[in-house]
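Handing you this structure, nothing more for now.
In what follows, chains are A, B, ... by sequence order, proteins preceding strands, each numbered from 1. Quick note: numbers below take in every heavy atom, side chains included, and nothing from hydrogens, waters or symmetry partners.
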Number of protein chains: 2
Amino acid sequence: MKSSSNSDWMKGSLDLMVLSVLASGSKYGYLLQQELQQASGGLVELQAGTMYPLLHRLEAEEWIRSRWDETTGRRRKWYELTDAGRNRLTQQAREWESYADCIRALLARVIDPVPRPA
Amino acid sequence: MKSSSNSDWMKGSLDLMVLSVLASGSKYGYLLQQELQQASGGLVELQAGTMYPLLHRLEAEEWIRSRWDETTGRRRKWYELTDAGRNRLTQQAREWESYADCIRALLARVIDPVPRPA
DNA sequence: GGTCAATATATAGACTGGCGATACATGCGT
DNA sequence: ACGCATGTATCGCCAGTCTATATATTGACC
């Protein structure tokens with residue numbers, strides 16, 4: 001049984017993706033969802049039931065903060081990175097790069113196998 | 001709280017890593033564990049409690065098959081890719097590349113282009 | 001005026017899967 | 001004899017994602 005609508009690679013990268021989208025400015029959830037989907041070329045469809053708990057968690061961990069906009073009929077909760085969140089993002093980004101390189105190296109042997117000296 | 005000894009990026013990539021290590025030839029679990037750790041430069045430490053259930057699952061899904069080697073005192077269960085598993089691997093590898101590119105594109109917008117003082 | 005879809009946030013419950021702990025057995029060095 | 005590395009395995013915990021559902025507003029279409 002496939003469990004996710006996205007592929008499972010994303011499982012550990014959602015924090016990173018959300019933080020990176022927020023890096024370009026404050027967003028409310030629904031907007032973030034749209035932008036992430038667009039920025040990923042449709043690859044990432046962050047479900048509401050995934051996103052809101054995720055945002056709540058990121059806020060509890062103080063990587064982001066929120067404030068309600070009640071001025072319009074539609075209640076919107078805007079999120080922005082904290083300073084800590086911004087640091088977190090750059091650090092996570094660097095970490096991700098090295099892990100990606102690691103996987104890439106593993107895959108290189110599969111895609112372009114170097115004949116072993118026997 | 002950090003939950004894993006590895007970073008969480010790996011969560012969705014373990015199947016891929018295991019398959020790719022098996023692509024270079026049959027391995028038994030313990031050996032696979034060692035080789036993966038070495039091949040990743042120590043980044044990936046696949047725990048036994050993670051690996052064996054994972055191998056059983058991959059076998060149940062018929063991406064890999066196993067046979068016992070009882071000729072030595074130490075019982076070893078050797079795993080090898082099935083044909084389906086090999087196809088799976090190349091397909092997953094391609095998928096992973098596009099997801100990695102996707103993340104890379106997201107991150108490109110936030111990372112300072114100062115990787116090395118030149 | 002009524003209905004429907006899109007916008008907007010939220011939670012509950014199911015399910016997956018990695019992890020630490022634990023178990024058990026063998027081989028080897030000392 | 002003892003301890004450590006080798007080797008496979010399972011269990012319970014729990015973090016985190018998904019589906020389904022709830023609620024409310026707005027705008028379009030009829």
Looking at side-chain heavy atoms only, is the closest gap between A:W9 and B:Q92 below 4.5 Å?
->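 The answer is yes, as the side chains (C-beta and beyond) meet within the 4.5 Å cut-off.
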
Over how many whole Å does the gap from A:Q37 atom CD to C:dA6 atom P extend?
-> 13 Å

Starting from C1' on D:dT17, measure out to CG on A:L55 and report it in whole angstrom.
-> 14 Å

Any side-chain heavy atom of A:R57 sitting closer than 4.5 Å to one from A:D15?
-> yes

Measure from the side-chain heavy atoms of A:R57 and tell me the nearest of C:dG17, D:dT8, D:dT17.
-> D:dT17

Please report, rounded to the nearest Å, how far the P atom of D:dA15 is from the CD atom of A:E61.
->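 Between P of D:dA15 and CD of A:E61: 11 Å.
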
Could you work out which one of D:dT17, C:dG20, C:dG18 sits closest to the side chain of A:K11?
-> D:dT17

Whole-Å distance separating the CE atom of A:M10 from the P atom of D:dA15 |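 In whole Å, D:dA15 P and A:M10 CE are 24 Å from each other.
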
When you match B:A48 and A:R75 each to their closest nucleotide on DNA chain C, which lands nearer the 5' end?
->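 Counting from the 5' end, the first nearest nucleotide belongs to A:R75.
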
With a 4.5 Å heavy-atom cut-off, do B:E97 and A:R104 have their side chains touching?
-> yes

So which heavy atom on A:S40 is nearest to which on B:C102, and how close?
-> CB-SG, 3.5 Å

Of A:P53 and B:K77, the one whose closest nucleotide on DNA chain D sits nearer the 5' end is B:K77

Once you round it to whole Å, what is the distance between P of C:dC19 and CD of B:Q33?
-> 11 Å

Looking across every strand, which nucleic acid part, if any, lies under 4.0 Å from A:W68 by heavy atom: base, sugar-phosphate, or nothing?
-> sugar-phosphate

Counting only N and O atoms by type, is there a donor-acceptor contact under 3.5 Å from the side chain of A:K77 to the main-chain atoms of A:R75?
-> no

Calculate the interatomic distance between B:L14 atom CG and C:dG17 atom P; express it in whole Å.
-> 11 Å

Map B:Y28 and A:L54 onto DNA chain D by nearest heavy atom, then report which one ends up closer to the 5' terminus.
-> B:Y28

Specify the residue among A:R74 and A:G49 whose closest nucleotide of DNA chain C lies further upstream toward the 5′ end.
->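 Nearer the 5' end of the strand: A:R74.
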
Nearest to side-chain heavy atoms of A:Y79, which nucleotide of C:dA10, D:dC18, C:dT7 |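 For A:Y79, the side-chain atoms sit closest to C:dA10.
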
What is the distance from CD of B:Q47 to P of D:dT10, rounded to the nearest Å?
-> 17 Å

Roughly, in whole Å, what's the span from CH2 in B:W9 to C1' in C:dG18?
-> 16 Å

Considering only side-chain heavy atoms of B:H56, which listed nucleotide, D:dT10, D:dT17, C:dT7, is closest?
-> D:dT10

Considering only side-chain heavy atoms of B:Y52, which listed nucleotide, D:dT10, C:dG17, D:dT17, is closest?
-> D:dT10

